[in-house]
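Numbering starts at 1 and runs along the sequence shown. Hydrogens, waters and symmetry mates are skipped; everything else that's a heavy atom, side chains included, is used.
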Amino acid sequence: MPIEITMPALSPTMEEGNLAKWLVKEGDQVSAGDVIAEIETDKATMEVEAVDEGTVAKIHVPEGTEGVKVNAVIAVLAEEGEDVSAAASSDVAANAEPVTAETPATQDPEPESIAAPPTPTPATTPTPEKGDRIFASPLARRIAQQNDVDLGTIQGSGPHGRIVKADVEGISGGSVGASAQTSAQPAASQQAPAATAEAMPDDQILAFYKEEEYELLPHDSMRKIIASRLTESTQTIPSYFLSMDCELDAMLALRKQINSAAPVGEDEKPAYKVSVNDFIIKAMALALKDVPMANASWTSSSRLLHKHSDVGVAVAIPDGLITPIIRQAETKTLSVISNEMKDLAKRARDKKLAPHEFQGGSTAVSNLGMFGVSNFTSIINPPHASIISIGAGEQKAVVKDGALSMATIMTVTFAFDHRVIDGALGAQLAGAFKNYIEKPMGMLV
């Protein structure tokens, strides 16, 4: 019997991906564990392994195709001893409609949110006989199956009469889509909120500008995910902000000592070079250890108290950002954090991180000080309940023991999820962080 190869869900929140490259071709023999394709998600490019063995009978989604939905059939294998040509033309293969790079696999050609969904019309053609092929998208089939809708009674509104999601929703009273899509996702998935009714339609926005005065840059997967996650955060998290000024002089002096003591290898390069950001990561990790009630995430039924400080660090990459995570940062030395962060940042820019290296965590650090930014606020990235924004260290006049002197001052701003971290608790965490920054020897013991 032909074996379906489907677009895998490479993370709990993945809904679609780009099929970047096939590493096999039709007629090739594959075994379980063989790498057969490369899939691009919004954050990384990952290899896909075969879970069955057989002969590649049909490739339905060509490499270079964008927006391939999770669980869409991308290829078909013929089992050992099975006729390859028969497998390629089987019902399994037939239902996986071929796509081109210009028409992403399984993507319903439905209207944008600026237009009302088409009103499905009752079928005017006879109900197909048993065995006749019904053209429908995988999502429409899944919704129909979950809601006991007979696809044979629906006249599709998609290209060439294809049945799409809106057609099935209309038959089922208009409420099928949301529940079906939610149930089809993993339990840990964070769904993007629906577009608000107040959002200005695209055509109205474009009407303000002359066509020759702009160019359109289509949203890639990363930009779409960033937009949906930030919208989710601002719509669901009641955030508040606390700012503190931290003196850096003691930390800068210690950093200089640590780096000057670094052993030099055969390549004449030091074994490590600790940055200010490495101190910040360590200070935040230890502060969370000292204030464990702030090291938490919100769920609908309980607060999730983390046993370790897994600190995400925002890394800018071309036209986007990603937040790799230093796991159990409270247990690691500054030199280990420094080398680990350099490796994660490099692979983040190359889109080579594995999902577990940027998903989860308990807090995050965003540092724009190197750009000369004095202070700013960041948006919390759920499931985190906090994020710290780091401004530039600047020479300022301060009063110490009644006398005026100079000090290097860094403004830090905390954003907290008030459902998890109340004001006094947030202030306690901020104070613990400030103490480690201004008395950095405490990070070495």
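- Contact record, G442 with L286: O-CD1, 4.4 Å, taken as the closest heavy-atom pair.
- Heavy-atom neighbours of H418 NE2 from other residues, nucleotides or ligands within 6.0 Å: above the threshold of 12.
- Of the N and O atoms on the side chains of T413 and N375, not one donor lies less than 3.5 Å from an acceptor on the other residue.
- For the atom pair CZ (R303) and CG (L305), the distance works out to 6.5 Å, reported to the nearest 0.5 Å.
- The OG1 atom of T363 lies 10.5 Å from the CG atom of N381; values are rounded to the nearest 0.5 Å.
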Is there a side chain to side chain contact (heavy atoms under 4.5 Å, CB included) between E49 and I36 once you walk through the steps?
-> CA-CA 6 Å; E49 297 181 355; I36 59 173; over 6 Å; no

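- No side-chain N or O of S228 forms a donor-acceptor pair with one of K224 less than 3.5 Å apart.
- Other residues, nucleotides and ligands contribute over 12 non-hydrogen atoms within 6.0 Å of the NZ atom of K434.
- Counting heavy-atom neighbours within 6.0 Å of Y214 OH, excluding the residue itself, gives a total above 12.
- The number of heavy atoms from other shown groups lying within 6.0 Å of CG (D401) does not exceed 12.
- Note that CE of M293 is 13.0 Å distant from CG of L288, once rounded to the nearest 0.5 Å.
- The neighbour count for K256 NZ, taken as heavy atoms of other residues, nucleotides or ligands under 6.0 Å away, does not exceed 12.
- In this structure, the side chain of N339 engages the main chain of A271 through a donor-acceptor pair within 3.5 Å.
- Crowding of K396 atom NZ: a count of heavy atoms from other residues, nucleotides or ligands under 6.0 Å exceeding 12.
- Between E438 and E247, the shortest heavy-atom contact is OE2-N, 2.9 Å.
- Within 6.0 Å of CD in E340 there are more than 12 heavy atoms belonging to other residues, nucleotides or ligands.
- A distance of 9.0 Å separates CG in L77 from CD in E79, rounded to the nearest 0.5 Å.
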